[in-house]
Amino acid sequence: MAFSKTLLITGVSSGFGRALAEQALADGHRVVGTVRGAEAKRAFEALGAGRAFGRLLDVTDFEAIEGVIAEVEERVGEIDVLVNNAGYGQEGVLEESPLEAMRRQFDVNVFGAVAMTRAVLPYMRRRRRGHILNITSMGGYITMPGIAYYCGSKFALEGISEVLGKEVAAFGIFVTAVAPGSFRTDWAGRSMVRTPRSIADYDALFDPIREAREAKSGQQLGDPVKAARAMLTLIDSEAPPAHLLLGSDALGLVRDKLAALAAEIDHWEALSQSTDG
Ligand code: NAP
């Protein structure tokens with residue numbers, strides 16, 4: 001490790017956030033971690049006395065975010081790295097899933113990340129340095145039936161992240177969208193919000209997908225500790241990328257998607273060309 005940094009990670013109670021916090025602490029970094037309960041805060045702070053700082057925050061409590069960041073900057077120190085990790089999966093067929101489920105999904109996965117970013121940026125911009133990691137998903141590139149709101153939120157965060165990177169590059173601030181494949185976290189377990197089934201027409205398409213995801217929960221290919229190590233390599237990089245995939249499943253599926261997209265663009269090229277002039 002070059003030198004010790006202060007990371008602010010949202011959602012350190014389990015999964016990627018917890019693994020990244022533990023690995024960062026092991027490397028000698030300081031970690032401010034957001035959690036949503038007193039017990040989770042105690043458990044997090046016990047990971048590293050004097051170097052693990054828990055803060056109670058739901059990322060959809062938009063009014064509270066600026067105050068939390070200001071307090072962290074003043075009392076803990078300058079935030080070098082913001083990791084927008086907090087998020088969850090909303091699973092459900094679009095026609096069956098109320099708009100309210102979509103709003104909640106975007107509030108957490110998109111608006112929460114943007115609100116955190118907007119609160120941290122003035123400090124990073126003043127210092128002319130910083131790194132923001134947005135944990136998106138391979139679901140920000142590829143899609144499958146039954147997770148429209150989740151994929152929509154991750155596509156949105158991928159796009160927002162890429163734009164932001166272009167806006168703040170001149171200030172020495174890097175922005176990386178980190179898109180994991182399937183990892184052994186609580187994502188498909190306790191954290192997932194599943195819309196109840198109501199339209200039999202979708203049974204044949206969707207039931208096997210829901211069953212397979214439930215069966216696979218806990219057995220996924222990816223190791224969150226290895227993801228954390230990869231993120232620490234990214235944070236240490238002199239020239240981090242705008243996008244990083246994690247996992248061989250993400251690599252294969254995203255490459256297939258990009259090839260299929262290129263082929264579709266080629267196939268319809270004449271029609272696309274026909275509208276100029
Ligand atoms: P996880 O183990 O369920 O962890 C999710 C974390 O986010 C928990 O700490 C949770 O806190 C927190 N969180 C959820 N909603 C929040 C809110 N409104 N405000 C503050 N914190 C909130 O799952 P994970 O896989 O590590 O998820 C982390 C990120 O990785 C998510 O953005 C997810 O979409 C993304 N991701 C996961 C996978 C995968 O296969 N695991 C793949 C691609 C992307 P509580 O304990 O309080 O609920």
Side-chain angles (χ1 to χ4, degrees), residues 8-23 31-44 47 54-65 68 82-91 103-116 133-144 147 149-158 160-161 177-194 212-214 216-228 230-231 243-251 253-254:
L8 170 53
I9 307 171
T10 59
V12 293
S13 62
S14 64
F16 290 127
R18 179 52 153 262
L20 179 58
E22 287 176 353
Q23 294 303 310
V31 180
V32 183
T34 75
V35 287
R36 293 196 289 177
E39 182 43 46
K41 182 171 181 285
R42 262 192 301 278
F44 171 68
L47 295 176
R55 290 294 181 272
L56 287 173
L57 182 69
D58 186 306
V59 295
T60 64
D61 189 358
F62 305 120
E63 307 296 308
I65 288 177
V68 170
L82 168 66
V83 184
N84 285 312
N85 164 74
Y88 73 96
Q90 162 71 48
E91 186 202 63
R103 284 201 189 95
R104 176 76 191 151
Q105 179 76 108
F106 275 64
D107 266 351
V108 177
N109 291 11
V110 183
F111 286 78
V114 171
M116 290 296 298
L133 270 58
N134 290 311
I135 309 304
T136 58
S137 171
M138 66 179 172
Y141 294 84
I142 65 155
T143 62
M144 59 156 48
I147 45 170
Y149 297 165
Y150 182 69
C151 288
S153 75
K154 296 301 188 178
F155 270 68
L157 191 55
E158 277 281 332
I160 289 166
S161 189
V178 177
S182 293
F183 279 73
R184 296 185 296 276
T185 71
D186 290 350
W187 182 83
R190 72 166 177 106
S191 300
M192 180 157 270
V193 176
R194 292 179 160 90
R213 183 171 292 117
E214 272 168 341
K216 203 177 147 198
S217 181
Q219 321 283 322
Q220 295 95 329
L221 184 64
D223 176 352
V225 174
K226 290 185 176 169
M231 287 188 239
H243 303 275
L244 179 73
L245 300 172
L246 294 180
S248 61
D249 52 350
L251 268 179
L253 290 164
V254 172

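Atoms within each ligand, like the ligands themselves, are counted from 1 in listed order. Along the sequence shown, residues are numbered consecutively beginning with 1.
Heavy atoms from other residues, nucleotides or ligands lying under 6.0 Å from CZ of F155 number more than 12. Counted within 6.0 Å of CD on E39, heavy atoms from surrounding residues, nucleotides or ligands total more than 12; the atom is thus considered enclosed.
K216 NZ to R184 CZ: the interatomic distance, rounded to the nearest 0.5 Å, is 11.0 Å.
Side-chain N/O atoms of T60 and D58 include a donor and acceptor closer than 3.5 Å.
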Criterion salt bridge (Lys or Arg N to Asp or Glu O under 4.0 Å) on K154 and E158, from CA distance to verdict | CA-CA 6 Å; K154 296 301 188 178; E158 277 281 332; over 6 Å; no

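Put simply, the side chain of N134 never gets that close to the backbone of T136: no donor and acceptor are under 3.5 Å apart.
Closer than 4.0 angstrom to ligand 1 by heavy atom are G11, V12, S13, S14, G15, F16, R36, L57, D58, V59, N85, A86, G87, R104, V108, I135, T136, S137, Y150, K154, P180, G181, S182, F183, T185, D186, W187, R190, S191, sorted by chain and number.
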